[in-house]
Amino acid sequence: DEPVPADIAAGFFWQKFTLGDELIDATAFTVGVQASKQLPAGVVLFEPYLGLSMDMFSMDVTYDYEGDEETETIDLSFESDTAFRATVGMSVTASIVGLNAEYSLSDRSSFAFGLALGF
């Protein structure tokens with residue numbers, strides 16, 4: 001018997017992007033947990049999975065707009081609220097072919113599908 005009935009993972013992602021001294025300054029951060037369980041069925045392996053995450057993003061843009069008679073400095077700030085995401089998916093593997101489909105529910109929900117070939 002396995003001590004934990006599923007595979008569990010936790011992760012985080014942090015990215016910072018800057019362009020120029022002050023033109024673009026963007027930061028993205030995600031932290032989450034995932035759980036999956038492999039279910040062998042003959043030569044096919046099914047692996048359903050679930051995930052919960054929290055996403056944050058901010059970006060500041062500053063540039064000079066040169067009009068006909070004067071130059072104006074434009075400052076833009078894009079702040080997002082902290083967004084929570086729930087993901088449910090299934091991976092199916094048979095021999096060298098893998099299929100994956102998932103749905104992520106959040107303020108910007110999405111569906112993803114993947115195909116993998118290899119050993």
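All residue numbers refer to positions in the sequence shown, counting from 1. For clarity, every value in this text was computed on a predicted model and none was experimentally measured.
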Worksheet item: Side chains of Thr93 and Ser91: closer than 4.5 Å at any heavy-atom pair?
Response: yes
Practice prompt. Any pair with a residue in residues 23-36 that passes side chain to side chain donor-acceptor pair (under 3.5 Å), sequence neighbours left out, goes on the list, sorted by first then second residue, please.
Written response: Lys16-Asp25, Thr30-Asp55, Ser36-Glu47
Discussion item. Quick check: do Ser109 and Tyr103 have side-chain heavy atoms less than 4.5 Å from each other?
Written reply: yes
Worksheet item: Does Phe84 belong to the same Ile/Leu/Val/Met/Phe/Trp/Tyr cluster as Phe111, with side-chain heavy atoms less than 4.5 Å apart forming each link?
Response: no
Worksheet item: Hey, does the side chain of Lys37 reach the backbone of Pro5 with a donor-acceptor pair shorter than 3.5 angstrom?
Response: yes
Discussion item. Rounded at 0.5 Å granularity, tell me how far CZ in Phe57 sits from CZ in Phe29.
Written reply: 14.5 Å
Worksheet item: Of the non-hydrogen atoms in Met90 and Tyr49, which two are nearest, and what is the gap between them?
Response: N-CE2, 3.6 Å
Fill in: Separation of Ser58 OG from Phe78 CZ (nearest 0.5 Å)
11.5 Å
Item to complete: Report yes if some heavy atom in the side chain of Val97 is under 4.5 Å from a heavy atom in the side chain of Leu115; otherwise report no.
Response: yes
Item to complete: Please name the pair of heavy atoms, one in Leu23 and one in Leu19, separated by the smallest distance, quoted to 0.1 Å.
Response: CB-O, 3.1 Å
Discussion item. Going by side-chain contact (heavy atoms from CB on, under 4.5 Å), name the residues that satisfy it together with Ser104, two or more places apart in sequence or in a different chain.
Written reply: Arg85, Thr87, Glu102, Ser110
Item to complete: List the steps and the verdict of side chain to side chain contact (heavy atoms under 4.5 Å, CB included) for Thr18 and Ile24.
Response: CA-CA 5 Å; Thr18 56; Ile24 297 176; over 6 Å; no
Worksheet item: Would a 4.5 Å heavy-atom cut-off, applied to side chains only, mark Val43 and Ser95 as touching?
Response: no
Discussion item. Count I, L, V, M, F, W, Y as connected when their side-chain heavy atoms are under 4.5 Å apart, and connections chain through other members. Are Leu105 and Leu52 then in the same cluster?
Written reply: no
Discussion item. Looking at Asp21, I'd like to know if its CG atom is crowded, meaning that more than 12 non-hydrogen atoms belonging to other residues, nucleotides or ligands lie closer than 6.0 Å.
Written reply: no
Item to complete: May I ask whether Tyr65 and Leu76 are part of the same hydrophobic cluster, defined by side-chain heavy atoms of I, L, V, M, F, W, Y residues being less than 4.5 angstrom apart, directly or through others?
Response: yes
Worksheet entry | CZ on Phe12 to CE on Met54, rounded to 0.5 Å | 12.5 Å
Worksheet item: Can Phe17 be reached from Trp14 by stepping across I, L, V, M, F, W or Y side chains whose heavy atoms are under 4.5 Å apart?
Response: no
Worksheet item: If you measure only the distance, is there a donor-acceptor pair under 3.5 Å linking the side chains of Thr71 and Asp64?
Response: no
Worksheet item: Does a side-chain heavy-atom distance below 4.5 Å link Val92 with Val44?
Response: yes
